[in-house]
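Step one of this worksheet: look at the structure below.
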Amino acid sequence: TYFVGSGADTQGNIAAANENAVHSLIGDVTRYLGVTIDSRTSVETRADVEKFQTQITESIQESSSAKVGDFSVVDRWVRDDGKQVTVFLLGRYRTAALETEKRRLAALEKERTDAVAVPERRGDELLANGRAYAAAVQYMHAALAAASSPLENASIRFERNIKKAESALSLIKLPALADDLKGSLGRQLPEPFELEVVSSANGAATPLTDVPFRITYPLLRAGGRSGT
């Protein structure tokens with residue numbers, strides 16, 4: 001697979017024109033690899049790509065027949081029209097190796113993104129089905145992954161999932177099944193105290209199972225001291 005880069009300098013500086021051509025050639029390769037560096041690119045992927053770019057830059061500037069792994073500059077042409085000098089570079093990357101590198105970089109970025117995106121997506125699906133607690137758990141998994149993620153916008157993902165978890169938990173209600181039950185301290189209730197764990201997601205009271213929670217109530221201890 002062939003790539004072309006060109007650079008010019010209006011002052012006739014061939015070294016400057018060559019450097020511009022190098023950046024142009026590198027840009028052509030990285031665009032093909034699909035690793036445009038922007039705010040969504042993870043720190044690790046960015047470092048990997050920048051290392052690759054540095055290797056090519058240093059090698060091309062050392063020799064017009066530079067080779068970096070399976071990449072090589074096969075031709076270089078200089079045009080000087082008296083007003084500016086322009087350098088053209090023709091690079092060749094072994095197709096099989098190029099495709100392997102492209103898949104590797106894509107997999108690296110997907111792995112970082114999925115660690116946060118997958119549990120967040122599961123949380124959205126669970127919440128849509130009224131399973132507020134299970135959704136909150138998934139949002140917390142996503143927030144935990146974001147907290148240690150190298151993604152550039154990890155802090156935004158962390159905050160978003162924390163808010164989603166809080167919102168999901170706020171939908172969980174504990175309605176008493178016998179709200180007129182009364183009793184006295186130190187005495188057994190006339191009938192068992194029962195409540196139901198429900199989710200008010202989607203505007204309906206959906207019963208929930210496997211939701212851990214703690215109930216505290218006052219106790220009258222010896223000597224008249226109260227406790228829980």
Side-chain angles (χ1 to χ4, degrees), residues 1 3 23 25-57 68-71 93-174 197-214:
T1 303
F3 299 93
H23 291 304
L25 180 60
I26 292 171
D28 204 21
V29 175
T30 54
R31 277 192 297 273
Y32 181 84
L33 290 173
V35 289
T36 301
I37 296 178
D38 57 25
S39 61
R40 295 168 299 177
T41 307
S42 75
V43 175
E44 290 187 19
T45 302
R46 178 179 303 191
D48 214 2
V49 174
E50 289 178 347
K51 179 181 178 181
F52 167 78
Q53 293 177 341
T54 300
Q55 287 177 328
I56 294 179
T57 301
V68 180
D70 294 284
F71 178 85
Y93 208 131
R94 192 168 62 86
T95 301
L98 180 66
E99 294 301 323
T100 298
E101 180 69 4
K102 184 176 183 178
R103 289 192 297 269
R104 188 187 69 82
L105 290 171
L108 178 64
E109 186 66 15
K110 186 176 186 299
E111 180 182 351
R112 303 292 185 271
T113 303
D114 283 355
V116 180
V118 170
E120 181 177 4
R121 186 164 56 249
R122 288 174 183 163
D124 292 341
E125 294 169 354
L126 289 166
L127 190 61
N129 291 323
R131 299 177 61 187
Y133 177 73
V137 171
Q138 289 299 317
Y139 291 140
M140 292 304 295
H141 284 319
L144 180 61
S148 58
S149 173
L151 292 172
E152 184 76 16
N153 59 351
S155 61
I156 296 175
R157 292 168 181 254
F158 173 80
E159 184 177 351
R160 182 176 69 226
N161 279 282
I162 288 294
K163 289 182 177 179
K164 283 186 174 184
E166 292 175 342
S167 178
L169 290 175
S170 72
L171 297 172
I172 299 176
K173 309 299 179 183
L174 304 173
V197 183
V198 300
S199 167
S200 60
N202 301 326
T206 305
L208 299 177
T209 59
D210 300 325
V211 180
F213 62 92
R214 176 185 297 176

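The first residue in the sequence is number 1, and the count goes up from there.
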message: Restricting to non-hydrogen atoms, name the atom on Lys173 and the atom on Ser200 that form the minimum distance, rounded to 0.1 Å.
response: CE-OG, 4.0 Å
field: side-chain contact (heavy atoms from CB on, under 4.5 Å) partner of Tyr139, chosen from Asp124, Leu126, Leu169, Ile162
entry: Asp124
task: Locate the shortest heavy-atom distance separating Ala154 from Ser149; write the atom from each residue and the value.
output: CB-O, 3.8 Å
task: Inspect the contact between Arg160 and Glu120 and indicate whether a charged nitrogen and a carboxylate oxygen are less than 4.0 angstrom apart.
output: yes
task: Return yes if a side-chain donor-acceptor contact under 3.5 Å exists between Thr95 and Thr1, otherwise no.
output: yes
message: Is it the case that the side chain of Ser170 and the backbone of Ser167 share a donor-acceptor pair, with hydrogens and angles ignored and the cut-off at 3.5 Å?
response: yes
- prompt: Looking at side-chain heavy atoms only, is the closest gap between Val197 and Leu174 below 4.5 Å?
  reply: yes
- line: Shortest non-hydrogen pair, Leu171 vs Leu127, comes out as CD1-CD1, 3.8 Å
- prompt: Can you tell me how far CZ of Arg122 sits from CZ of Arg131, rounded to the nearest 0.5 angstrom?
  reply: 12.0 Å
message: Restricting to non-hydrogen atoms, name the atom on Ser199 and the atom on Ala132 that form the minimum distance, rounded to 0.1 Å.
response: OG-CB, 3.4 Å
query: If you take all heavy atoms of Pro119 and Gln138, which pair is closest and at what distance?
result: O-CB, 3.3 Å
query: What heavy-atom pair brings Ala143 and Phe158 nearest, and what distance separates the two atoms?
result: O-CD1, 3.1 Å
- prompt: Mind checking whether Thr206 and Asn129 have side chains closer than 4.5 Å, heavy atoms only?
  reply: no
statement: d(Glu99 CD, Arg94 CZ) to nearest 0.5 Å is 11.5 Å
